[in-house]
Visitor: 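Questions regarding the structure given below will be posed in turn.
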Amino acid sequence: MAEKITPRETDYSQWYIDIVLNAKLADYSPVKGCMVIRPRGYAIWERIQAEFDRRFKETGHSNAYFPMLIPMSFLQKEAEHVEGFAPELAVVTYGGGEKLEEPYCIRPTSETIIWSMYKEWIHSWRDLPLLINQWANVVRWEKRTRLFLRTSEFLWQEGHTAHETEAEAIEETLRMLEVYRDVVERYLCVPVVPGVKSETEKFAGAVRTYTIESMMQDRKALQAGTSHFLGQNFAKAFDVKYQTRDGGLDYVWATSWGISTRLVGAVIMTHSDDKGLVLPPTLSPEEVVIVPIYKNDSKASVLQYADKVLAMLKEAGIRAILDSDDSSSPGWKFAEWELKGTPLRIEIGPRDMAAGKVMLVRRDTAEKTPVAVDTVAATSRQTLSEIQTALFERARKFRDENTVQIDTLPEMLEFFGAEGTGTADAHGGFASALWCGSAECEADLKAKTKATLRCMPLNQQENISGRCALCGAPAKHRAIFARNY
RNA sequence: CGGGCAAUAGCGCAGGUGGUUAGCGUACAAGUCUGGGGGACUUGGGGUCGCCAGUUCGAGUCUGGCUUGCCCGACCA
C-alpha cells in the first residue's frame, strides 16, 4: 500500500495535513475555513479541556455561558478593540426573515457582551473578584486557514475576571499564565516560553498581553495561549464602577485569558513523526492498544490470554483497548495504531503466551521490551510515565538547540534566510536578541525576514545592557524573534 | 483579499485534437487459505466526472461564473 503520510523532509505543511486527515482527527467542511472535528480529534480536545477546566475551578473560577451574537454597538465601545476585530467579523443582518435594526456580530471574543453584564452584576467591592470562564466557539473571518491552527470558527475557553485593584488583576493575569504554562508543558508535553507581547502584537483592548510561545518541528513559533491584563479599559467602556472599601467609587480592573483547539495542532506538530501521530499518554483516548497475533489453531487461546491482559490493565486504571478485529493482519494494525498515535502497544502472540510474557512497544521510540505478564500493568504504567517525560524532554531539547542568541542585524537576516544573505534555505528558529522597544524595528525585521517579535521572556528582563540587535540603539528588553503560525 | 495550481469510486490516479456501456491501483463486501511489520487467490458492489450556465447533433474533455482545498503574498488565537 502507498505511503499515507508525506515525510516531513519533503513537505512539512503537507505532512501536517496528512496526519490530521489520516489519523481522522478532523476533516474539511463545506464551509470555507471551517473544519469538522472528528471523534478522535474531539476526544483529544476533551482531555485537554477537562484538565484546564479542573485547574480553572481549582483557582476559584466558575463556568458560565454568554450569547454568541453580540450587538455591533457593543464592540464599538472600546476603540482599540473594535479596530482590532472589525476586519474579521461575521455579521448577522437578518433574523426571522426581516432585516435587523441593529446587526449582530458573531462573537470573535466575548469581552464586550460579558462586560455589559458585569455592569449589572458588580456594584460593591463585596462583588469582587468576579471570576468567570466560558467554554465556547468563536468566529474570526480568516483569510488563510489551516486545520486546528487557524480556522474561521474555533473552540476555546475565555476567562474574564474583574478585580478591586490593579495589583490583583495583574496577579490574576500571571496566575492564569502559569496555569497555562504548567498544563501545556506537563499535560501536553509542549515546552513553552512565557513572556510579554510587544505593543504591536498585544490583544486589541489590552494594556498588556502575556503569552506562552512554543516551537514546532519546523522551528516556527506557535502562540499556545494568552493572558491579558485589560486595565480599566473595558470597565470604562462599559461603565463598570464599584463602591470601594473606603466608600469611594472606582472602575474595576480586568483580565481575560484563553486557549483554543489550536493546542491540538500544537501537540501534533510538536511530537508526531513520519509514521503518524504521536500523543502524550495523558491526551491519547487509549493509552495502550493490545494487538493479538495468532494462527487459526492458536486464535482462541491467544485471545483469551489477551483478554486477561486487558482486564489486568483496566483493573490498574489504564485506558486500554484490545484490537481483536479479525479482518486485518497484525502488521496492518501496528501501522494503523502508530498512525493514530497510541503511546503504547502490547503485542501478544503464541510465543509470548508460551513464555508467560507480552511484548511492549513504545510509539515514541519504537523500542520493544518483553515483559512478564504478571507485571504488565505496573510496567505499562511506568513506561507511559516515561513516555510522558521523554516527549517533553525531546521537544525541549529541540527547542533549546534551535534557540540562538543573536546580536547583530546581519546575523539576524542570515538566521532567518532573508533575501541576499545566501541562506534562503535556513529555517531559523528562535532568535533571542536585545531590542530597543521600537515598533519600527519590529516592522523592519518583519518586512525583511517575516520574523516577528514573539515575546519578551518573563525571566530574562533583568540587567539588560547592550544594543538593539536591529538598530543599535540602547536596548530595553530581551526578546524572542521567530517566524510564526 | 490578490497571484498560481487543483477538484473523476472512500483514498491515489488515468482518461491526445469533444463521440455514445468512464477505466486502473488500492480500500470495501463474501468466501477459502493466511497471520511476529500495511498478506494471497476467487467473486462482487460502488460514479448525477465539485456546482451552475453556455457552445455543440453530442461535454469528464471547450468557454464563463461560482464553491472548496493547497501553495505564495498582504492580515490574524
Visitor: Near RNA chain B, under 4.0 Å by heavy atom, which residues of residues 170-182 of chain A?
Guide: none
Visitor: Taking NZ from A/Lys32 and P from B/C66, how many angstroms apart are they, rounded to a whole number?
Guide: 12 Å
Visitor: Would you name the heavy atoms of A/Ser227 and A/Met176 that are closest together and state the gap between them?
Guide: OG-CB, 4.2 Å
Visitor: Let's see if you can work this out: which of B/A77, B/G37, B/G36 has an atom nearest to the side-chain heavy atoms of A/Arg140?
Guide: B/A77
Visitor: How would you label the contact of A/Ser329 with the nucleic acid (heavy atoms, under 4.0 Å): base, sugar-phosphate, or nothing?
Guide: sugar-phosphate
Visitor: Could you state the atom-to-atom distance from NZ of A/Lys220 to P of B/A77 in whole Å?
Guide: 15 Å
Visitor: Is there a Watson-Crick or G-U wobble partner for B/G12 with both distances under 3.5 Å, and if so, which one is it?
Guide: B/C24
Visitor: Counting primed atoms plus P, OP1 and OP2 as sugar-phosphate and everything else as base, spell out the protein contacts along nucleotides 44-50 of chain B at 4.0 Å heavy-atom distance: B, S or - for each nucleotide, 5' to 3'.
Guide: -------
Visitor: Cation-pi check, A/Arg55 to A/Trp257: give yes when NZ or CZ is under 6.0 Å from the six-membered ring centre and within 45° of the ring axis, no otherwise.
Guide: no
Visitor: Select one nucleotide: of B/G73, B/U34, B/G37, the one nearest the side-chain heavy atoms of A/Phe334.
Guide: B/G37
Visitor: So which atom in A/Leu89 and which in A/Pro108 form the shortest heavy-atom distance, rounded to 0.1 Å?
Guide: CD2-CG, 3.5 Å
Visitor: Please report the shortest heavy-atom distance between A/Met35 and A/Ser29, naming the atom on each side.
Guide: N-OG, 4.2 Å
Visitor: Name the residue closer to the 5' end of RNA chain B, choosing between A/Arg150 and A/Arg345 according to the nucleotide with the nearest heavy atom.
Guide: A/Arg345
Visitor: Reckon A/Glu338 touches a base, only the sugar-phosphate, or nothing at all at heavy-atom distances under 4.0 Å?
Guide: base
Visitor: Both distances under 3.5 Å, Watson-Crick or G-U wobble: report the partner of B/U32, or none.
Guide: B/A40
Visitor: When the nearest nucleotide of RNA chain B is assigned to A/Arg454 and to A/Leu339 on a heavy-atom basis, which residue is associated with the more 5' position?
Guide: A/Leu339
Visitor: Sticking with atom C1', work out how far B/A9 lies from B/A53, rounded to a whole angstrom.
Guide: 27 Å
Visitor: Between B/G64 and B/C71, how far is it from one C1' atom to the other, in whole Å?
Guide: 25 Å
Visitor: Looking at every strand, decide which applies to A/Lys368 at a 4.0 Å heavy-atom threshold: base, sugar-phosphate, or nothing.
Guide: base
Visitor: Nearest whole angstrom, please: distance from the C1' of B/G73 to the CZ of A/Arg144.
Guide: 9 Å
Visitor: Taking pairing as Watson-Crick or G-U wobble with both contacts under 3.5 Å, can you name the mate of B/G2, or confirm there isn't one?
Guide: B/C72
Visitor: Whole Å only: how far is the CD1 atom of A/Ile17 from the P atom of B/G12?
Guide: 12 Å
Visitor: Using atom C1' in both nucleotides, what's the gap between B/G37 and B/A74 to the nearest angstrom?
Guide: 47 Å
Visitor: Tell me, please, which residues at least two apart from A/Ser298 pass side-chain contact (heavy atoms from CB on, under 4.5 Å).
Guide: A/Tyr294, A/Lys295, A/Ser301, A/Val302, A/Pro350
Visitor: Separation of A/Leu21 atom CG from B/C11 atom P, in whole Å?
Guide: 10 Å
Visitor: Looking at the side chain of A/Trp332, which of B/G37, B/C75, B/G38 is the nearest nucleotide?
Guide: B/G38
Visitor: Would you verify whether the NZ or CZ of A/Arg483 falls within 45 degrees of the ring axis of A/Phe416 while also being under 6.0 Å from that six-membered ring's centre?
Guide: no
Visitor: Please state how far atom CE in A/Met353 lies from atom C1' in B/G36, giving the value in whole angstrom units.
Guide: 13 Å
Visitor: Quick one: label A/Arg146 by what it contacts on the DNA or RNA (base, sugar-phosphate, nothing), any heavy atom closer than 4.0 Å.
Guide: sugar-phosphate
Visitor: Scan A/Tyr28 against the nucleic acid and name what it touches under 4.0 Å (heavy atoms): base, sugar-phosphate only, or nothing.
Guide: sugar-phosphate
Visitor: Let's see if you can work this out: which of B/A77, B/G35, B/C76 has an atom nearest to the side-chain heavy atoms of A/Phe154?
Guide: B/A77
Visitor: Rounded to whole angstrom units, what separation is found between the CZ atom of A/Phe203 and the C1' atom of B/C76?
Guide: 13 Å
Visitor: The side chain of A/Arg262 lies closest to which of these nucleotides: B/C72, B/A77, B/C75?
Guide: B/A77
Visitor: Give one of base, sugar-phosphate or nothing for A/Asn22, where a contact means two heavy atoms less than 4.0 Å apart.
Guide: nothing
Visitor: Got a sec: does the OH of A/Tyr104 have more than 12 other heavy atoms crowding it under 6.0 Å?
Guide: no
Visitor: A/Glu336 has a side chain; which of B/G36, B/C76, B/G38 sits nearest to it?
Guide: B/G38
Visitor: Please state the C1' separation for the pair B/C28 and B/G47 - nearest whole angstrom.
Guide: 15 Å
Visitor: Between B/G23 and B/G19, how far apart are the P atoms? Round to whole Å, please.
Guide: 14 Å
Visitor: Using only side-chain N and O atoms of A/Lys295, determine if any of them is under 4.0 Å from OP1 or OP2 of B/G35.
Guide: yes
Visitor: Taking atom P in both B/C49 and B/A22, compute the distance separating them and give it to the nearest angstrom.
Guide: 10 Å
Visitor: Indicate, with a heavy-atom threshold strictly under 4.0 Å, whether A/Pro350 touches base, sugar-phosphate, or nothing.
Guide: base
Visitor: By the 4.0 Å heavy-atom rule, please label A/Glu142 as base, sugar-phosphate, or nothing.
Guide: base
Visitor: Between A/Phe430 and A/Phe415, is the ring pair (Phe, Tyr, Trp, His ring centres under 6.0 Å) condition met? List the steps.
Guide: CA-CA 9 Å; A/Phe430 283 3; A/Phe415 185 69; 9.5 Å; no
Visitor: Report the distance from atom CG of A/Leu445 to atom CG of A/Leu409, rounding to the nearest 0.5 Å.
Guide: 7.5 Å
Visitor: For A/Arg186, is the CZ atom crowded, meaning more than 12 foreign heavy atoms sit under 6.0 Å from it?
Guide: no
Visitor: Say we look at B/C11 and B/C33: how far apart would their P atoms be, to the nearest angstrom?
Guide: 34 Å
Visitor: Is the closest side-chain donor-acceptor distance between A/Thr209 and A/His228 under 3.5 Å?
Guide: yes
Visitor: So which heavy atom on A/Arg399 is nearest to which on A/Thr403, and how close?
Guide: O-OG1, 2.6 Å
Visitor: Mind checking A/Gly276 for me? I need base, sugar-phosphate or nothing, with any heavy atom below 4.0 Å counting as a touch.
Guide: nothing
Visitor: Have a look at A/Gly258 and say if it touches a base, only the backbone sugar-phosphate, or nothing, with a 4.0 Å heavy-atom cut-off.
Guide: nothing
Visitor: Under 4.0 Å, heavy atoms only, any strand: does A/Glu347 hit a base, just the sugar-phosphate, or nothing?
Guide: base
Visitor: Take the protein atom CG of A/Asp326 and the nucleotide atom C1' of B/G31, then report the distance between them rounded to whole Å.
Guide: 13 Å
Visitor: Which whole number of Å gives the distance between the P atom of B/U8 and that of B/C13?
Guide: 9 Å
Visitor: Using a cut-off of 4.0 Å on non-hydrogen atoms, how would the nucleic acid contact of A/Leu149 be classed: base, sugar-phosphate, or nothing?
Guide: base
Visitor: Atom CD1 of A/Ile321 and atom CD1 of A/Ile346: how far apart are they, to the nearest 0.5 Å?
Guide: 11.5 Å
Visitor: Are A/Glu51 and A/Arg54 close enough for a salt bridge, meaning some N to O gap below 4.0 Å?
Guide: yes
Visitor: So what does A/Thr151 touch, heavy atoms closer than 4.0 Å: a base, only the sugar-phosphate, or nothing?
Guide: base
